[in-house]
Amino acid sequence: MSKQNKEFVKEITPRSEDYSQWYLDVILKAQMMDYSPVKGCMVIRPYGFTLWENMQQGLDGRIKATGHRNAYFPLFIPESLLQKEADHVEGFAPEVAWVTHGGNEKLAERLVVRPTSETIICEMYSRWIQSYRDLPVLINQWCNVVRWEKVTRPFLRTSEFLWQEGHTAHRNEEEAEEETLKMLEVYRDFVENDLAVPVVTGRKTENEKFAGALRTYSIEALMSDGKALQAGTSHNLGTHFAKVFDITYLDSDGELKHVWQTSWGVSTRLIGAIIMVHGDDRGLVLPPKVAPTQVILVPIAPKKARETVLPKADAIYRDIKESGVRIEMDDREEYSPGWKFNEWEMKGVPLRIEIGPRDLENGQAVLARRDTGEKETVSLDSLKTRVRELLGEIQANMYDKAKAFREENTYRTDDYDEFKKIIEEKRGFVVSRWCGDSDCEQAIKEDTKATIRCLPFNEETTSGPCLRCGTESDKLAYFARAY
RNA sequence: CGGGGCGUAGCGCAGUUUGGUAGCGCACUUGGUUUGGGACCAAGGGGUCGCAGGUUCGAAUCCUGUCGCCCCGACCA
């Protein structure tokens with residue numbers, strides 16, 4: 001390794017050395033985002049935004065396939081609307097941005113820049129819904145929201161972020177609950193299959209639920225530093241909002257009833273999850289399904305061989321592109337192959353094709369995969385097929401690797417001392433019995449900084465003592481320190 | 001809000017103790033030679049040293065004030 005190369009490798013702080021710094025290095029070096037002059041806000045650069053667009057595409061398809069349609073609601077929400085639901089306003093008031101003036105004139109009523117759109121959407125729903133025939137209303141919106149956070153972190157917690165928020169209205173509890181769980185499943189499917197990030201699904205505790213919700217469900221992912229990240233939420237809002245916004249319908253039995261509502265959302269935070277779950281000391285690693293560039297073709301074309309290599313590389317590039325793979329060719333003359341290899345690895349491109357004079361002599365190309373670093377030589381005849389095959393393998397391998405990591409870092413104990421030790425020394429998920437009492441949950445948080453991420457579905461358990469207080473319980477909870 | 005640290009070129013930093021008119025690496029520009037894991041040589045461009053006062057013949061350096069950022073704590077959909 002040359003001297004320059006050594007210095008370069010140091011440019012990305014090793015993950016083990018300073019996780020925070022590593023995270024920032026990866027994002028900046030991959031040119032996903034940059035800091036903006038507005039505190040806590042970020043500029044998403046084209047490379048990062050293309051990733052987001054690919055994610056949007058995958059998720060939007062699933063949202064539409066489950067019967068929802070996209071719409072758009074205003075960025076500004078009158079103060080009086082936000083005030084209507086008590087829990088909701090209490091939850092969001094400390095972090096909303098206010099608009100107080102229009103031009104030079106002070107507004108008669110202040111506006112908030114939406115931190116979420118429940119209130120303004122409910123206001124519209126109350127006008128749109130009259131009859132049971134109007135239900136269900138299944139609407140989704142892609143937009144930006146603003147939450148004035150004290151501590152921010154790129155992608156994970158920013159003052160402004162992009163997201164998708166679904167808002168639905170139903171006839172009764174059963175339908176609303178079914179919708180809430182259906183959308184949680186859509187998120188699980190999308191995040192696990194497209195982003196290769198394994199998640200735990202479950203219900204949030206009363207403490208952790210959405211401000212104004214009846215029940216909140218979430219998908220929880222484990223980052224490579226052992227901290228948990230809430231990757232998506234789905235809320236059964238009950239009839240709380242319907243009551244204060246007067247969203248009623250005349251049912252087929254002639255009775256006037258309040259609708260049951262749900263809301264659900266995932267945000268650009270998922271980009272942070274991808275980075276922290278898959279990234280390594282060389283930079284970003286992107287799952288093929290959403291990678292802006294799936295394959296990077298690097299022709300190795302010394303002057304003498306340029307005429308033979310470049311046309312051949314171009315033909316391969318076109319051929320693969322036509323087969324529907326997102327491939328780019330890096331034929332810049334001013335950078336050396338090694339420079340390009342590092343550059344594209346930093347950007348997380350899943351697969352690289354190297355093709356030079358030596359390969360052409362043998363009728364082959366070299367394939368290098370980002371997830372394992374392995375290289376293989378493939379004959380030019382089978383290149384196109386092998387590329388598609390490998391992209392699939394990489395996607396699957398990334399998921400398996402992340403899942404294995406999560407399993408290795410998920411512990412099962414009901415002993416509080418052991419629990420504290422694991423949380424402090426190893427991090428990860430700790431699955432323990434919990435009595436269901438809020439005070440107990442709070443005490444554990446104060447002792448260990450670990451919170452209940454969710455109460456999992458489908459975890460069988462026999463009755464036993466609660467982790468902290470010893471009360472008999474058959475509830476299991478996933479605990480972790482979280483972002 | 002409490003404790004600590006830092007503001008010097010696009011980025012990362014040295015210079016501050018002991019005042020003398022600003023430097024290094026990367027990046028950038030031009031020319032040439034290069035290309036299988038961040039190539040090399042040569043020549044260039046770029047800075048009101050966070051801001052405002054003060055001390056001094058002279059301030060990046062000393063003094064006072066102020067603004068901003070980062071880390072730890074606190075707070076936290």
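Letters go in sequence order (proteins before strands), and every chain restarts at 1. Bear in mind that the values here come from a model prediction, so they are computed numbers and not experimental data.
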Would you mind classifying the nucleic acid contact of [X] as base, sugar-phosphate or nothing, using non-hydrogen atoms under 4.0 angstrom?
{"X": "A/His88", "result": "nothing"}
{"X": "A/Arg332", "result": "nothing"}
{"X": "A/Lys209", "result": "base"}
{"X": "A/Glu333", "result": "base"}
{"X": "A/Pro357", "result": "base"}
{"X": "A/Val298", "result": "nothing"}

Handout entry: Polar side chain donor-acceptor pair, A/Gln230 to A/Ser218, under 3.5 angstrom
Key = no

Practice task
Report yes or no: do A/Asn140 and A/Gln164 form a side-chain donor-acceptor pair below 3.5 Å?
Solution key: yes

Which atom pairs link the protein and nucleotides 7-9 of chain B when you take only N or O atoms and keep those under 3.5 Å?
none

Exercise for the section: Have a look at A/Glu393 and tell me which of A/Arg370, A/Arg388, A/Arg369 forms a salt bridge (charged side-chain N to carboxylate O under 4.0 Å, His left out) with it. Expected result: A/Arg369

Given that both distances must come in under 3.5 Å, which nucleotide forms a Watson-Crick or G-U wobble pair with [N]?
{"N": "B/U29", "value": "B/A43"}
{"N": "B/C24", "value": "B/G12"}
{"N": "B/U34", "value": "none"}
{"N": "B/C6", "value": "B/G68"}
{"N": "B/A60", "value": "none"}
{"N": "B/U17", "value": "none"}
{"N": "B/C75", "value": "none"}

If you measure from the [atom1] atom in [N] to the same atom in [M], how many Å do you get, rounded?
{"N": "B/U48", "M": "B/C1", "atom1": "C1'", "answer": "35 Å"}
{"N": "B/G47", "M": "B/U66", "atom1": "P", "answer": "31 Å"}
{"N": "B/G12", "M": "B/C69", "atom1": "P", "answer": "16 Å"}
{"N": "B/U30", "M": "B/G4", "atom1": "P", "answer": "50 Å"}
{"N": "B/U21", "M": "B/A60", "atom1": "C1'", "answer": "11 Å"}
{"N": "B/G46", "M": "B/C24", "atom1": "P", "answer": "14 Å"}
{"N": "B/G44", "M": "B/C51", "atom1": "C1'", "answer": "32 Å"}
{"N": "B/C49", "M": "B/A14", "atom1": "C1'", "answer": "13 Å"}

Exercise for the section: Would you please classify the geometry between the A/Trp339 ring and the A/Tyr335 ring as parallel, tilted or perpendicular, with 30° and 60° separating the classes? Expected result: parallel

Practice task
Would you please indicate if the ring centroids of A/Tyr125 and A/Phe241 are separated by under 6.0 Å?
Solution key: no

Please tell me which of the listed nucleotides, [options], lies nearest to the side chain of [X]?
{"X": "A/Asp359", "options": "B/U35, B/A39, B/G36", "answer": "B/G36"}
{"X": "A/Arg157", "options": "B/U35, B/G36, B/C76", "answer": "B/C76"}
{"X": "A/Glu345", "options": "B/G37, B/U35, B/A39", "answer": "B/G37"}

Once you round it to whole Å, what is the distance between [atom2] of [N] and [atom1] of [X]?
{"X": "A/Glu334", "N": "B/A27", "atom1": "CD", "atom2": "P", "answer": "13 Å"}
{"X": "A/Met329", "N": "B/U35", "atom1": "CE", "atom2": "P", "answer": "20 Å"}
{"X": "A/Arg370", "N": "B/G37", "atom1": "CZ", "atom2": "P", "answer": "17 Å"}
{"X": "A/Lys29", "N": "B/A27", "atom1": "NZ", "atom2": "P", "answer": "11 Å"}
{"X": "A/Ile353", "N": "B/G36", "atom1": "CD1", "atom2": "P", "answer": "19 Å"}
{"X": "A/Gln21", "N": "B/C69", "atom1": "CD", "atom2": "P", "answer": "18 Å"}
{"X": "A/Glu343", "N": "B/G37", "atom1": "CD", "atom2": "P", "answer": "17 Å"}
{"X": "A/Glu90", "N": "B/C75", "atom1": "CD", "atom2": "C1'", "answer": "15 Å"}

Exercise for the section: Could you tell me which residues satisfy side chain to side chain donor-acceptor pair (under 3.5 Å) with A/His167, sequence neighbours excluded, listed by chain and number? Expected result: A/Glu165

Problem - Any residue meeting side chain to side chain donor-acceptor pair (under 3.5 Å) with A/Thr377, in chain and number order, not counting sequence neighbours - result: none

Determine whether a donor-acceptor pair (N or O, by modelled atom type, separation under 3.5 Å) exists between the side chain of [X] and the backbone of [Y].
{"X": "A/Gln294", "Y": "A/Pro288", "result": "yes"}
{"X": "A/Arg326", "Y": "A/Ala291", "result": "yes"}
{"X": "A/Arg45", "Y": "A/Ala30", "result": "no"}

Handout entry: Which residue lies more 5' along RNA chain B, comparing A/Glu208 with A/Lys304 via nearest heavy atoms
Key = A/Lys304

Fill in the blank from the handout: Whichever of A/Pro337 and A/Ala213 has the more 5' nearest nucleotide on RNA chain B, that residue is A/Pro337

Handout entry: Side-chain N or O of A/Ser336 closer than 4.0 Å to phosphate OP1/OP2 of B/A39
Key = yes

Exercise for the section: Please evaluate the base of B/G36 for a donor-acceptor partner in the side chain of A/Lys375 within a cut-off of under 3.5 Å? Expected result: no

